[in-house]
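Report on the structure given below.
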Amino acid sequence: MRILKNSKLLFIVLALILVLSACSSSNNSSSNSNTNSGDENASSGEGDKVTIVYARGKDATGATDAMIEEFEKQNPNIDVEFREMPTDTGAQHDAYVTMLNAESSEIDVFDIDVIWPAEFAQAGYVLPLDRFIQKDSINMDDYNQGPVSAATFNGKQWAMPKFIDAGMLFYRTDLVSEAPKTWDDLMTQASELKGQEGTKFGYLMQAKQYEGLVTNAVEFVASYGGAFIDENGEVVINSPEAIKGLSKLVEIANSDFVPGNINTFTEVESHTAFIEGQSPFIRNWPYQYALANDEEQSKIVGNVEVAPLPEGDAGSAAALGGWMSAINNFSEHPQEAWELLKFMTGEEGQKIDAIVGSHAPTLPALFDDQEIIDANPFFGEEGFQTALEAAVSRPVAPNYPEISEIIQIHVSKAIAGEETPEEAAAAMEKEMNEKLEK
Ligand code: GLC
C-alpha cells in the first residue's frame, strides 16, 4: 500500500514537472520575440504548425508563389503567408521603417533592396544571420561577392543575396533588326519605329521621382564617364562628363517618342506598356524577359531580345540593383524564418526564381544550369555575367535615402525644365556634401 501510495505521488510529481517545464519552454519562446539572437529553440515542438509571414513587393512573374509552394511542400510544419508590399521600392522602404520602428513582429522574413542593409542593420530592424550561416555550413564564397559585401555591415551578415539586377535594353525582334549601339542610335530608331505595328511609343524608361529614376540617372551619367559619388566617397556629380549624361537623360525623357507622362512611369507602368506591345524598346531589369514571355499577360511572347544599354562617350553602363532576404529582428519565429530564407536564397529557391521569374542568380554556379539557360538564353550569352559584375553601384551609406532624395528631386527638376542639367548638378553637389559632412 505504502509503495503504491509513493509511486502514485511520484507519478503526480513527474506529471507536474512535465506540465511546468512545457509551460516554461513556451514562455521562453514567446518572450524570445524582442531579444532574438538566432535561437534555434524558438520554434514550437514537433508536429505544431507555425505560420510565418513573408513580405516583398508585388512579383508580377509568379516566381514568388512557385517558391513558396515548393517550400511548403518540403516543410509541412511551416505555413507561409505572403504579404504584398508596395512595388515602388521607396514606398516599400517607408512601410518597413514604420513597421519596424514600432518593433512589430507582424512579418518574419522580408526582402530588402541592395541599398538598405547598412541602414536597416544600424537601426536594429534585421537579425544578424552569422549564427544560422555557420550552423548550416553555408559557404558565402559560393555567392557573388558584390551583393554579399552589400549585405555586410560592422563585420556581420544581415541578409542573404537573392537575385541581382542590372539595367538592360529589351527590344522587339519583330520590329528592330539590330539593337542600337549608342544613345543617339537608340533615339534615331525609337523615332522611326514609333507608331509602327501598333506601337504608340519608341522607348520606355522609369522617370517618375523615385528610386528607379536614380538608377536610370546612374546609367546615363556613367555611360558618359561620370559618377555621383566616387569610390572614395567624394561627391563628383558636378563634372562635364556627368552633366553630359544628365543632359542626354533629359533630352530622351523630353522627346516625343516616350510617353508624354513619362514622369509618372515606374517599372510597372513601363513593363505594362511594353508587354501590351506599345513600344519597340524598354530599359528594365531582367524580370522583364519572363514577363514578356508570359502567355497569360503578354502580347509579345517570343519577340523579345536583350542587349546592353546603349553607349555614351564612355561605353555602356548598367546600374546595379537586386534584392536580399532578411529576418525581422522582432520575429517570433526566427528559426522558421531562417528556413524559408535559406530555401529562397539557396540553390533550389534561386533556380525556381530564375526559371519562372528571370531573376539573375547570386550563385554563379547556377549560370551553368541548363534549365535556367533554356528559360533565359540571355543569361548564357557572353558578357551577361561580366555585365552584372561591372554594374555600377549606388552610394553605400546608412543615410542613403537622403542622398537618393537629393538625386530624385534635382533630376526630376531637370526633366521638368525647372533646372538646367548644370544647375541640377551644382545643386546636387552642394546638398550631397552637406549631408555627407553631417
Ligand atoms: C529594382 C532593383 C532595385 C532598385 C529598384 C528601383 O527593384 O533591384 O535595386 O532600387 O529596382 O526601382
Side-chain angles (χ1 to χ4, degrees), residues 55-61 63-64 84-97 110-120 144 146-151 159-170 204-222 228 249 253 262-272 274 282-291 309 317-326 344-345 350 353-354 357-362 387-389 391-397 400-408 411-412:
R56 61 157 278 155
K58 183 181 168 71
D59 179 356
T61 69
T64 300
E84 191 171 284
M85 303 298 288
T87 329
D88 172 336
T89 173
Q92 199 180 133
H93 167 274
D94 296 351
Y96 290 133
V97 168
F110 63 120
D111 285 2
I112 63 177
D113 196 335
V114 283
I115 50 191
W116 306 343
E119 180 198 356
F120 279 27
N144 182 302
V148 168
S149 59
M160 290 289 283
K162 194 170 174 210
F163 63 86
I164 311 187
D165 267 341
M168 330 218 138
L169 184 73
F170 297 82
L204 298 163
M205 60 188 286
Q206 297 79 40
K208 184 185 161 176
Q209 185 173 323
Y210 83 119
E211 186 61 35
L213 176 60
V214 177
T215 59
N216 281 249
V218 160
E219 288 160 352
F220 276 102
V221 166
F228 283 83
L249 184 163
I262 193 75
N263 63 353
T264 63
F265 271 51
T266 69
E267 286 84 359
V268 176
E269 292 74 19
S270 48
H271 78 219
T272 306
F274 190 62
I282 183 174
R283 177 260 171 230
N284 207 351
W285 311 103
Y287 81 92
Q288 178 67 76
Y289 190 79
L291 199 62
L309 283 169
L320 180 68
W323 290 79
M324 334 193 162
S325 297
M344 292 192 302
T345 60
Q350 288 206 29
D353 209 14
S358 290
H359 285 131
T362 58
L388 286 187
E389 282 174 14
V392 185
S393 315
R394 284 159 282 171
V396 177
Y400 176 75
E402 292 178 330
I403 304 290
S404 169
E405 200 186 352
I406 294 170
I407 302 175
Q408 293 177 33
V411 175
S412 294

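Model, not experiment: these values are computed from the prediction. Note that ligands are numbered from 1 as they come in the structure, with each ligand's atoms numbered from 1 the same way.
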Heavy-atom proximity to atom 12 (O) of ligand 1 ranks first, among H359, K162, E267, for E267
Quick one: nearest non-hydrogen protein atom to [atom], plus distance?
atom	answer
atom 4 (C) of ligand 1	D113 OD2, 3.4 Å
atom 11 (O) of ligand 1	W285 NE1, 3.1 Å
atom 7 (O) of ligand 1	W323 NE1, 2.9 Å

Applying side chain to side chain donor-acceptor pair (under 3.5 Å), name anything that partners Q206, two or more places apart in sequence or on another chain.
-> N216, S270, R283
For ligand 1, is there an N or O atom under 3.5 Å from any N or O atom of T89?
-> no
In terms of atom number and element, which parts of ligand 1 are under 4.0 angstrom from non-hydrogen atoms of [X]?
X	value
Y210	12 (O)
E211	10 (O)
D165	1 (C), 2 (C), 7 (O), 8 (O)
R394	3 (C), 4 (C), 9 (O), 10 (O)
G212	6 (C), 12 (O)
G322	2 (C), 3 (C), 8 (O), 9 (O)

Over 60° means perpendicular and under 30° means parallel, so classify the ring planes of Y287 and H359, tilted if in between.
-> tilted
When the aromatic ring centroids of F110 and Y96 are compared, is their separation below 6.0 Å?
->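 Yes.
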Apply salt bridge (charged side-chain N to carboxylate O under 4.0 Å, His left out) to E267 and list each qualifying residue two or more places apart in sequence or on a separate chain.
->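 Applying salt bridge (charged side-chain N to carboxylate O under 4.0 Å, His left out) to E267 gives none.
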Under 3.5 Å, is there a donor-acceptor pair linking the side chains of H93 and E211?
->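 On atom types as modelled, these side chains do not qualify, holding no pair under 3.5 Å.
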Is there a donor-acceptor contact under 3.5 Å from the side chain of D111 to the main chain of W323?
-> no
Hey, does the side chain of E269 reach the backbone of T266 with a donor-acceptor pair shorter than 3.5 angstrom?
-> yes
CG-NZ distance between L213 and K208, expressed to the nearest 0.5 angstrom = 11.0 Å
